[in-house]
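The structure appears right after this line, and notes come after that.
Quantities reported herein were computed from a predicted structural model and do not represent experimental measurements. Lettering of chains follows the sequences in order, A, B, ..., and the numbering in each one begins at 1.
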Protein chains: 2
Amino acid sequence: MAGTDQLSAVFSALADPTRRAIIAELAERDATVTELTAPLSISMPAVSRHLKVLERAALISRSRSGKWRASRLEAAPLREAADWIERYRRFWDSSLTRLDAHLAAVQAAGRASDRMVDDPRELE
Amino acid sequence: MAGTDQLSAVFSALADPTRRAIIAELAERDATVTELTAPLSISMPAVSRHLKVLERAALISRSRSGKWRASRLEAAPLREAADWIERYRRFWDSSLTRLDAHLAAVQAAGRASDRMVDDPRELE
DNA sequence: AATACGCTTAACATGTTGGTTAAATGAGGG
DNA sequence: CCCTCATTTAACCAACATGTTAAGCGTATT
């Protein structure tokens with residue numbers, strides 16, 4: 001997964017289209033493994049493991065109810081991911097020219113905390 | 001990388017803290033491989049390959065200028081990533097209760113286009 | 001009690017990732 | 001020309017990801 005930090009786990013989980021499809025499904029309703037497997041073209045064990053990945057990334061929670069295990073979307077970790085990406089909005093937002101971006105970058109450079117967050121040397 | 005689609009490539013690229021650090025660096029200024037390697041605790045070939053990953057995800061562009069190759073942040077693909085995540089904002093936005101989220105989800109279920117985008121069956 | 005169902009775990013195959021060191025490439029400078 | 005510097009490619013390795021099928025484990029169902 002590359003990093004073992006939260007953000008890496010989330011981005012890594014999102015990097016698979018099957019898992020994104022599962023998230024999209026769970027955004028509409030909680031679902032069992034069988035229900036999630038139905039529209040996918042892979043085996044149930046494969047889905048089960050995708051769910052484990054999503055669970056490790058804290059993107060879903062699971063509940064037991066008799067024979068069934070329902071998965072529920074827990075999108076909180078998406079916020080961190082969104083926040084991280086948002087920092088670079090100025091780079092794609094067309095209302096900003098590259099000069100604007102440069103000036104914004106220079107300002108950002110002043111904030112020391114900005115860099116630390118993703119410096120791998122800071123991890124573990 | 002799981003999927004070979006654009007979105008998967010971008011999320012996959014972001015899943016590594018070293019690559020996020022490189023992006024953060026390039027957000028401040030264009031940089032050569034040597035410059036990017038300096039603050040990292042890995043070898044230059046390793047950085048070179050991280051750059052190749054970022055390039056394949058279209059997150060950077062590179063220019064030759066004599067002996068040096070400068071990398072430049074091309075954040076456009078981040079927009080897609082941000083847009084994808086944004087769809088689930090209602091699930092983490094605290095101003096919305098779970099009931100609200102459910103109602104929003106029911107509405108979303110009506111829009112067929114919502115599901116197709118990430119259905120793996122649609123890929124390739 | 002026996003069977004069926006839902007799901008997970010095990011064992012396996014295969015491809016990818018991310019790091020290393022050593023060699024190759026390519027442009028400039030003496 | 002040769003040498004050096006910046007970067008990439010090659011060869012290798014350990015670890016992980018993703019899929020499969022078969023077996024295991026609980027919990028209904030009959």
For A:Arg62, enumerate each residue passing the salt bridge (Lys or Arg N to Asp or Glu O under 4.0 Å) test, keeping only those at least two apart in sequence or located in another chain. A:Glu55

OP1 or OP2 of D:dT8 sitting under 4.0 Å from any side-chain N/O of B:Arg62? yes

Return a single string for nucleotides 19-30 of chain D, one symbol per nucleotide in 5' to 3' order, where B is base contact, S is sugar-phosphate-only contact and - is none, cutoff 4.0 angstrom on heavy atoms. BBBB---BBS--

Is the phosphate of D:dA6 approached by B:Thr34 (side-chain N or O, under 4.0 Å from OP1 or OP2)? no

Just jot down the side chain to side chain contact (heavy atoms under 4.5 Å, CB included) partners of B:Ala70, sequence neighbours excluded, or say none. B:Ser63

Has B:Arg19 got a side-chain atom pairing as donor or acceptor with B:Leu14's backbone, closer than 3.5 angstrom? no

Starting at atom CD of B:Glu35, determine the distance to atom C1' of D:dC5, rounded to an integer number of angstrom. 14 Å

Residue-phosphate contact under 4.0 Å: B:Arg69 side-chain N/O, C:dA27 OP1/OP2: no

With A:Ser61, which residues qualify under side chain to side chain donor-acceptor pair (under 3.5 Å), at least two apart? A:Glu74

Whole-Å distance between D:dT18 P and A:Arg20 CZ? 12 Å

Go nucleotide by nucleotide along DNA chain C from the 5' end; which of B:Val47 and A:Lys52 gets its closest nucleotide reached first? A:Lys52

To the nearest angstrom, the CG-P distance between A:Leu40 and C:dC7 comes to 13 Å

To the nearest angstrom, the CG-P distance between B:Leu51 and D:dT9 comes to 12 Å

Given D:dT18, D:dT9, C:dC7, the nucleotide with the shortest approach to the side chain of A:Thr32: C:dC7

Length of the CZ-P vector between A:Phe11 and C:dT17, whole Å: 18 Å

Name all residues meeting the side chain to side chain donor-acceptor pair (under 3.5 Å) criterion together with A:Glu80; count only those two or more places apart in sequence or in a different chain, and write none if there are none. none

By salt bridge (Lys or Arg N to Asp or Glu O under 4.0 Å) - contacts of B:Glu35 (at least two apart): none

